[in-house]
Amino acid sequence: MNIDQTIGMVTADAVKALYNVDVASGEVQVQKTKKEFDGDVTIVVFPFVKAARKSPEDAGKEIGEYLVKNQPFIVAYNVIKGFLNLVINKSFWIGELNSIYSNEHYGIKQPADDARLMMIEYSSPNTNKPLHLGHIRNNLLGYSISEIQKANGWKVVKTNIVNDRGIHICKSMLAWKLFGNGETPESSGLKGDHLVGKYYVIFDKKYKEEIKQLMSDGMSEEDAKKNAPLILEAQNMLRAWENGDLEVRQLWEMMNGWVYAGFDETYKKLGVDFDKIYYESETYLEGKSKVEEGLEKGAFYRREDGSVWADLTAEGLDEKLLLRADGTSVYMTQDIGTAKLRYDDYPIDKMVYVVGNEQNYHFQVLSILLDKLGFEWGKSLVHFSYGMVELPEGKMKSREGTVVDADDLVEEMISTARETAIELGKVDNNSEEEIDNVARVVGLGALKYFILKVDPRKNMTFNPKESIDFNGNTGPFIQYTHARIKSVLRKAEEQGIALTSELDKGLEISDKESTLIQTLSEFETVVRQAGEEFSPALIANYVYDLVKEYNQFYHDFSILREEDMELKRFRLVLSACVARVVKAGMSLLGIEVPERM
RNA sequence: GGUCCGGUAGCUCAGUUGGAUAGAGCAACUGCCUUCUAAGCAGUAGGUCAUGGGUUCGAAUCCCGUCCGGAUCACCA
């Protein structure tokens, strides 16, 4: 039980004893006392004034009086404007610290054998262009959410659905075939995903030229878009692909192979991974057959041109296309098939899709469709909908070349971290290998923290010119604090000072120190809340607060120079716990922390 | 137009189920390194929480209206 729960309970008892009113302990409003007031925890008295028939001031005093008298760990109180501030015994806090230190996995639940299983889908790239900043947010969120749910006791299967088929893939294939002159990653030295992306852009360019030409010949824009030779040929290619045409399939396999090699490199660099990867080329047929099934059951209907639709007007939505007139499948069809295969493969208790909020409507529809098809889990799927990443000028647009490439960005972060370290003179005695590693960890830490600290549901702005800061509320700031603590702990070890989880509870410690312990004790609650709300940002902001507080302590107090051996030991244990929570918290964000920097 | 999301300091963001005088960082200005890492600490300045009502002991937070921004409503994914 944490301090808030304990206080809630004893306060409920007090209210019962004083006013004979039953209050659920969970309903007592307990909060951390603000800096400007005396005390550790604060109880909001207003809810009790009616029952007490007293002014908030008087009721607060009575409850405070009662608590101090009956609870040995509460040593003093004060009431200000209806807020009852309680001072907690220092020995209570030292006890808390002892218990935190003795638990190696403090705050992180270990997976149980009978744990429920959550499947989390994230990343989900198309194989026609390289990853960009938007994908980075998706990947970081997906990975972090997975770690957070594991820490809350879930079994997690991280999955990736690769969109490796469809008209857009055919576009880059066709462009390569027509204009590529046999270029390969080996021949040009271009990373595979970038090479394929290049031909996707070329297709778009040539296609536009054709449209323009047709329009100048007198065709309407709409007709020109439909009848341009390139788009017709791409559609041909898609049909050939679906019919298993050998040549098309070989080209497809070769180009996808290039893309996967490129993606793997980027994933590895970012430090994200997957337990199971699905490919839409392997799931879309399943989707088609489920749609046919639904058609037979009367859940869907076929139009005169042969296309298949779902009528969702009864649900307040539109009609939705499920199969095109030529029989080829669309995005929705594939998602239905993928969902089915997944539930065949795993005993999923909860399915989570990490997909941008531009697809809110899609998942609303998917949920209803799965339900109509008789999947009992259709209604309960979770669309973890996150906001877009925008540039100062607005949305990223690939056609205008304003897309921030994932590989470029990561490289830039790392080299900036490296330059900063050199500027600050942090690299004097280090090996080249260590300098590289710290630059990598810090550069990535800056990027990841920057993205994860903001509420995932909100759109965010990324300014590449200002790049990302290494001071203030940033990843490197947190990493730096960790490195400083580690440095102190190494020196303590050299001096042969042993840490212990049996610190003397009679030690005189400062308010700053007990506040730090209080913040440490909040970690469990924060992890739980981050899991419930799917919010890495809660973890990020918590770790920042903790670190900020620790730095104040570090500045104001001596650790190794403290003469009182027991106090020195206490501060070392406190520091060690902070380092551990920082490391654990950052690891929930997928961010490494260095031993020195 | 329908539906959904958002608007907090010059900029980027916090602000738990309604609680005290709305907080950080960046940018600007000022101090602090012969002692555990200054990627740090302390301070100054910066706010009509878009806006108008309502609910109540109390509203950035909940409800309604208005303004502004974004997403979506494709035989794209």
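Because the structure is a prediction, the values reported are computed rather than measured.
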From B/rC13, B/rU37, B/rC41, nucleotide with atom closest to A/Arg596 side chain: B/rU37
Please compare A/Val30 and A/Thr42 by the position of their nearest nucleotide in RNA chain B and report the one closer to 5'. A/Val30
How long is the line joining CG of A/Asn473 and C1' of B/rG40, in whole Å? 15 Å
From C-beta outward on A/Asn360, which listed nucleotide comes closest to its side chain: B/rU12, B/rC4, B/rC73? B/rC4
Measure from the ring centre of A/Phe477 to the centre of the six-membered ring in the base of B/rG40, then say whether that distance is under 5.5 Å and the planes meet at under 30°. no
For A/Tyr480 and B/rA39, say yes or no: do the ring centres fall under 5.5 Å of each other while the ring planes differ by less than 30°? no
Expected label for B/rC33 (glycosidic angle, syn inside 90° of 0, else anti) would be syn
Could you tell me the separation between the CD1 atom of A/Ile169 and the C1' atom of B/rC76, rounded to a whole number of Å? 12 Å
With a 3.5 angstrom cut-off on both distances, give the Watson-Crick or G-U wobble partner of B/rU21, or none if there isn't one. none
OP1 or OP2 of B/rA20 under 4.0 Å from side-chain N/O of A/Lys34: yes
For B/rU37, the nucleotide meeting Watson-Crick or G-U wobble distances (both under 3.5 Å) is none
Salt bridge or not between A/Glu292 and A/Lys288? Use side-chain N to carboxylate O under 4.0 Å. no
For residues 554-576 of chain A, pull every pair meeting ring pair (Phe, Tyr, Trp, His ring centres under 6.0 Å), keeping only residues two or more places apart or in separate chains. A/Phe553-A/Phe557
Neighbour count >12 (heavy atoms, 6.0 Å) for atom CD, A/Glu493: no
